[in-house]
Amino acid sequence: MLNPSTTTWPVQQYTPRHTTWPYTPSDFTRQDPSPDSSFYSSPRFVTHIDDAAITTLRSYYDAVLPRQGRILDFCSSWVSHYPPAVETAAAKGELQVIGLGMNEAELEANQVLNAGRVLVDLNVNPDIATALREAKILTPPSSSSSSSTSSNDQDFLDASTNVVSTDYLTAPLPVLTSLHSLTKPGGKVHLVISNRCFPTKAVNRWLRVSEEERLLMIGDYLHFAGWAEIEIVELSNGRVEEGGEAKGGLQGWMGWMGGGGRDPLWVVRGTKREGVCKGSLWAP
């Protein structure tokens, strides 16, 4: 069950650009190759997008996230930016929310995560199904199955979210393919993108290309991982419009001075096509 929303955002349909995977290992190298487990070992109880962007993201989530079923927030932190209606559904037990992240203290502080908190470095172990199984959130596949994903797992997730963290994935294809295999037919993934990052940990190509190309690159990731109906949603172009959000205080002053005043924000989203499970039991 979704919440009808009167808010609409510009949506661009993604069109596949390549017939084969276009990226090379060098595209996913990073300035800081040290283990992410060390980089994220200390909790950061901060937000990585500004207040105006958070408000807009909550409005978007209010329109698209289910109130029943199961959501995975991967690359999660101490806050998932879900709207009050989703938090209420989780508090009532009507909605299960699983968090997958890198810092135990941050995940423990995230109160909406009512169905499990999983510590995993997806750049070391990109198979989300395996991570959830080792955390005993998923049941093991039968001994007769050759797949890492059992038939029950195919209907596991109704939706998944990721906030400004896709640019850190050094193996996005296996991550998003694994996520696809766990998602119900008709389920969706929402990858939230801005222009903020830890530059030493973002992948090489992300730092070299334009914002438009970054969004298309994420669309490529989803396409080659088996997702369909891929769209790019513009939640904010980063400018403060007359009479719009973030008009007061420092942000309003920056907008008046021509400094923009808020973070740009997009969502690249995909849907699991009915009757399809990439590389597993579902057939086209």
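The structure places CG of L72 at 6.0 Å from CD1 of I98, a figure rounded to the nearest 0.5 Å. Within the model, atoms CD1 of I71 and CD of Q96 stand 10.5 Å from one another, a figure rounded to the nearest 0.5 Å. Here S160 contributes atom OG and L182 contributes atom CG; the two are 9.0 Å apart, rounded to the nearest 0.5 Å. Atoms CZ and CG, from R133 and L138 in turn, are 5.5 Å apart once rounded to the nearest 0.5 Å. A distance of 8.0 Å separates CZ of R196 from CD1 of I49, quoted to the nearest 0.5 Å. Distance check, rounded to the nearest 0.5 Å: CG of N103 to CD of E108 gives 10.0 Å.
Annotation: side chain of V189 is in contact with side chain of L179 (closest heavy-atom distance under 4.5 Å). In this structure the side chain of P10 never reaches within 4.5 angstrom of the side chain of W266, judged on heavy atoms. Within the 4.5 Å cutoff, no side-chain heavy atoms of V120 are placed close to those of M102. Using a 4.5 Å cut-off on side-chain heavy atoms (C-beta onward), W227 and Y221 make no contact. You'll find the side chain of T88 stays beyond 4.5 Å of the side chain of E94, heavy atoms only. Inter-residue side-chain proximity for T130 and N125 is flagged as unmet; no heavy-atom pair is nearer than 4.5 Å. You'll find the side chain of V267 stays beyond 4.5 Å of the side chain of V64, heavy atoms only. Considering only heavy atoms from C-beta on, H81 stays 4.5 Å or farther from V112 through its side chain.
Using a cut-off of 4.0 Å between Lys/Arg side-chain N and Asp/Glu carboxylate O, R214 and D167 are scored as not salt-bridged. At a threshold of 4.0 Å, the pair D32-K201 counts as salt-bridged, since one of the basic side-chain nitrogens sits closer than that to a carboxylate oxygen. Using a 4.0 Å cut-off between charged nitrogen and carboxylate oxygen, R117 and E106 do not count as a salt-bridge pair. Salt-bridge check for D158 with K188: failed, with every basic side-chain N at 4.0 Å or more from each acidic carboxylate O.
Within the 3.5 Å criterion, the main-chain N or O of G187 finds no donor-acceptor partner in the side chain of K272. Side chain of N114 to main chain of A90: a donor-acceptor pair is present (N/O by atom type, distance under 3.5 Å, no hydrogens or angles). Here the side chain of T56 pairs a donor or acceptor atom with the backbone of A52 at under 3.5 angstrom. A donor-acceptor contact shorter than 3.5 Å links the side chain of Y168 to the backbone of F198. Checked by atom type and distance alone, the side chain of S194 pairs as donor or acceptor with a backbone atom of P264 at under 3.5 Å.
In terms of heavy atoms, L176 sits closest to F74 at CD2-CZ, 4.2 Å. Here the closest non-hydrogen pair linking A131 and V118 is O-CG1, 3.9 Å. Residues L65 and R67 share a closest heavy-atom pair of O-NH1, 2.6 Å. Contact between N110 and S77 at its shortest, heavy atoms only, is ND2-O, 3.0 Å. Residues Y61 and P83 approach most closely at CB-CD, 3.6 Å, considering heavy atoms. Of all heavy-atom pairs between S37 and D121, the closest is N-OD2, 4.2 Å.
If you chain together hydrophobic residues whose side chains sit under 4.5 Å apart, V268 and W21 fall into the same group. A single hydrophobic cluster is not seen to contain both L100 and V124; linkage of ILVMFWY side chains at heavy-atom distances under 4.5 Å, directly or through other members, places them apart. Hydrophobic clustering (ILVMFWY, side-chain heavy atoms < 4.5 Å, transitive): V192 and V11 are in one cluster.
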Is there a side-chain contact (heavy atoms from CB on, under 4.5 Å) between L95 and V86 once you walk through the steps?
CA-CA 8 Å; L95 176 69; V86 171; 3.6 Å; yes
Does the side-chain contact (heavy atoms from CB on, under 4.5 Å) test come out yes or no for W206 and I218, once each step is laid out?
CA-CA 10 Å; W206 189 269; I218 300 302; 3.7 Å; yes
Please test R17 against D220 for side-chain contact (heavy atoms from CB on, under 4.5 Å), starting from the C-alpha separation and ending with a verdict.
CA-CA 8 Å; R17 307 184 294 168; D220 294 339; 2.6 Å; yes
Could you walk me through whether S178 and D127 pass the side-chain hydrogen bond (donor to acceptor under 3.5 Å, both in side chains) test, one step at a time?
CA-CA 6 Å; S178 175; D127 189 337; 3.0 Å; yes
V163 vs C75, test: side-chain contact (heavy atoms from CB on, under 4.5 Å). Steps then yes/no.
CA-CA 8 Å; V163 178; C75 302; over 6 Å; no
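Judged purely by distance below 3.5 Å, without hydrogens or angles, the side chains of R30 and T200 never pair a donor atom with an acceptor atom. Under 3.5 Å, the side chains of E231 and Q13 contain a donor-acceptor pair of N or O atoms. S80 and D73 share a donor-acceptor pair across their side chains, judged by distance under 3.5 Å alone. Using modelled atom types, one finds a donor on one side chain and an acceptor on the other under 3.5 Å when comparing Y60 with H190. Residues Y82 and D62 have side chains that never bring a donor and an acceptor to within less than 3.5 angstrom of each other.
Considering N123, L169, N162 in turn, L169 is the only one that fulfils the side chain to side chain contact (heavy atoms under 4.5 Å, CB included) rule with V175.
The six-membered or imidazole ring of H18 lies away from that of F224, with a centre-to-centre distance of 6.0 Å or more.
In E213, the CD atom is crowded: over 12 heavy atoms of neighbouring residues, nucleotides or ligands sit closer than 6.0 Å.
Note that R205 lies outside the cation-pi zone of Y23, set by a 6.0 Å cut-off to the ring centre and a 45° limit from the axis.
Legend: residues meeting side-chain contact (heavy atoms from CB on, under 4.5 Å) with Q111, ordered by chain and number and at least two apart, are absent.
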